[in-house]
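What follows is a single structure, written as structure tokens, with notes after it.
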Amino acid sequence: MPGRSVRLLLSLVMLMAASVTGVVATATAAHADTCYTWSRILSQGASGADVTQLQIRVAGYPGYGAVLAVDGSYGPATTAAVKRFQAAYGLTADGVAGPATFSKLYALQDDDCTPVHFTYAELNDCNTTWAGGAVSAATARANALRTMWKLEALRHALGDQPITVTSGFRSHACNDAVGGASGSRHLYGDAADLGAGPHSLCRLAQQARNHGFNGILGPGYPGHGDHTHLDHRASRFWSASSCGI
């Protein structure tokens with residue numbers, strides 16, 4: 001893809017400049033990405049919209065049973081998530097988001113800010129507008145983006161083999177048509193049902209415990225014998241008794 005080649009080239013320029021001049025907290029990044037470009041190095045104590053953008057992309061690395069708050073504040077939990085992300089991709093795991101970390105994120109995202117292995121269409125086979133659910137269309141779409149980045153982390157942890165999403169956002173009409181629960185998280189755009197493939201449903205449910213999902217339902221939970229359900233509900237509810245969860 002020409003766009004990706006340009007992004008990677010500019011990221012290399014950014015890395016070379018950093019090695020020559022030294023990296024400082026206010027360093028200006030090259031405009032290396034058509035989705036989002038970070039213009040400063042981020043570390044614990046920073047705050048702002050650029051921190052929020054970083055948190056969305058590393059929210060799949062909070063540690064077992066944890067959920068990273070996407071609040072624009074670079075605290076200890078964000079530092080730990082960045083370290084896990086860096087380690088997962090063979091980078092120096094110092095918890096500081098600098099040129100190498102941003103370069104990897106640029107390589108992992110498409111021009112619409114989705115991770116390279118997932119699309120908005122995969123997370124919404126109900127309609128094209130994201131309307132008709134329990135939240136505004138914009139919120140549902142934003143929730144789906146956060147889900148995709150967590151799924152990208154899950155996919156990488158499982159050896160970068162494909163993950164199949166069988167259901168994502170649903171309007172009330174779509175939810176009713178499939179017999180979904182009246183309070184289904186699918187109505188909020190923050191849920192994804194996964195089908196078996198290279199990994200069993202139990203393997204998906206078990207690994208998801210490390211990637212920021214408060215809701216995990218799978219084999220052994222009523223109605224979930226043929227898929228693993230993941231979501232972002234407010235408090236933890238894990239139930240997949242056939243999988244030891």
Side-chain angles (χ1 to χ4, degrees), residues 51-52 54-85 87-88 95 115 118 122-124 133-135 139-158 163-170 175 178-196 199-245:
V51 175
T52 298
L54 175 66
Q55 289 171 327
I56 290 170
R57 290 156 178 77
V58 301
Y61 293 89
Y64 181 91
V67 176
L68 180 66
V70 179
D71 58 5
S73 179
Y74 204 125
T78 298
T79 300
V82 170
K83 285 181 179 179
R84 293 187 187 96
F85 172 84
F118 297 92
E122 285 181 275
L123 270 290
N124 182 359
V135 293
T139 297
R141 198 170 190 270
N143 286 343
L145 180 64
R146 297 185 185 192
T147 297
M148 283 186 269
W149 279 101
K150 292 185 180 185
L151 291 176
E152 185 71 26
L154 173 64
R155 186 185 190 280
H156 185 61
L158 291 173
I163 289 177
T164 301
V165 178
T166 60
S167 183
F169 168 76
R170 300 175 193 157
N175 193 56
V178 298
S182 60
S184 172
R185 295 307 306 182
H186 290 280
L187 296 166
Y188 295 82
D190 67 9
D193 291 346
L194 309 181
H199 311 290
S200 69
L201 297 177
C202 280
R203 185 73 185 96
L204 292 168
Q206 290 160 352
Q207 184 62 40
R209 295 174 294 181
N210 299 299
H211 298 292
F213 293 102
N214 261 340
I216 303 176
L217 306 174
Y221 187 78
H224 289 70
D226 62 351
H227 67 280
T228 289
H229 169 97
L230 307 175
D231 67 49
H232 301 225
R233 65 188 68 197
S235 59
R236 186 192 300 179
F237 184 74
W238 293 353
S239 184
S241 58
S242 297
C243 309
I245 299 175

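Closest heavy-atom contact between Ala196 and Leu201: N-CD2, 3.4 Å. When all heavy atoms are compared, the tightest approach of Ala181 to Asn175 is O-ND2, 2.8 Å. Counting all heavy atoms, side chain and backbone alike, Tyr61 lies closest to Ala88 at CE2-CB, 3.7 Å. Scanning all heavy atoms of the two residues, the minimum distance from Trp238 to Gly65 falls at CH2-CA, 3.7 Å.
Applying the side chain to side chain donor-acceptor pair (under 3.5 Å) test to pairs two or more places apart or on separate chains, those with a residue in residues 71-84 are Gln44-Thr79, Gln55-Asp71, Gln55-Thr78. The disulfide bond (SG atoms under 2.5 Å apart) pairs that include a residue from residues 215-245 are Cys202-Cys243, where partners are two or more places apart or lie in different chains.
The residues Lys150 and Asp190 are annotated as not salt-bridged, no charged nitrogen and carboxylate oxygen being separated by less than 4.0 angstrom.
The distance from atom CZ of Arg185 to atom CG of Leu230, rounded to the nearest 0.5 Å, is 13.0 Å.
Among the candidates Asp231, Asn124, Asp193, the single residue satisfying the side-chain hydrogen bond (donor to acceptor under 3.5 Å, both in side chains) test with His186 is Asp193.
Taking the six-membered ring for Trp, His232 and Phe213 have ring centres closer than 6.0 Å.
Looking at heavy atoms from C-beta onward, Arg57 lies out of side-chain contact with Leu54 at the 4.5 angstrom threshold.
Here the side chain of His211 pairs a donor or acceptor atom with the backbone of Gly60 at under 3.5 angstrom.
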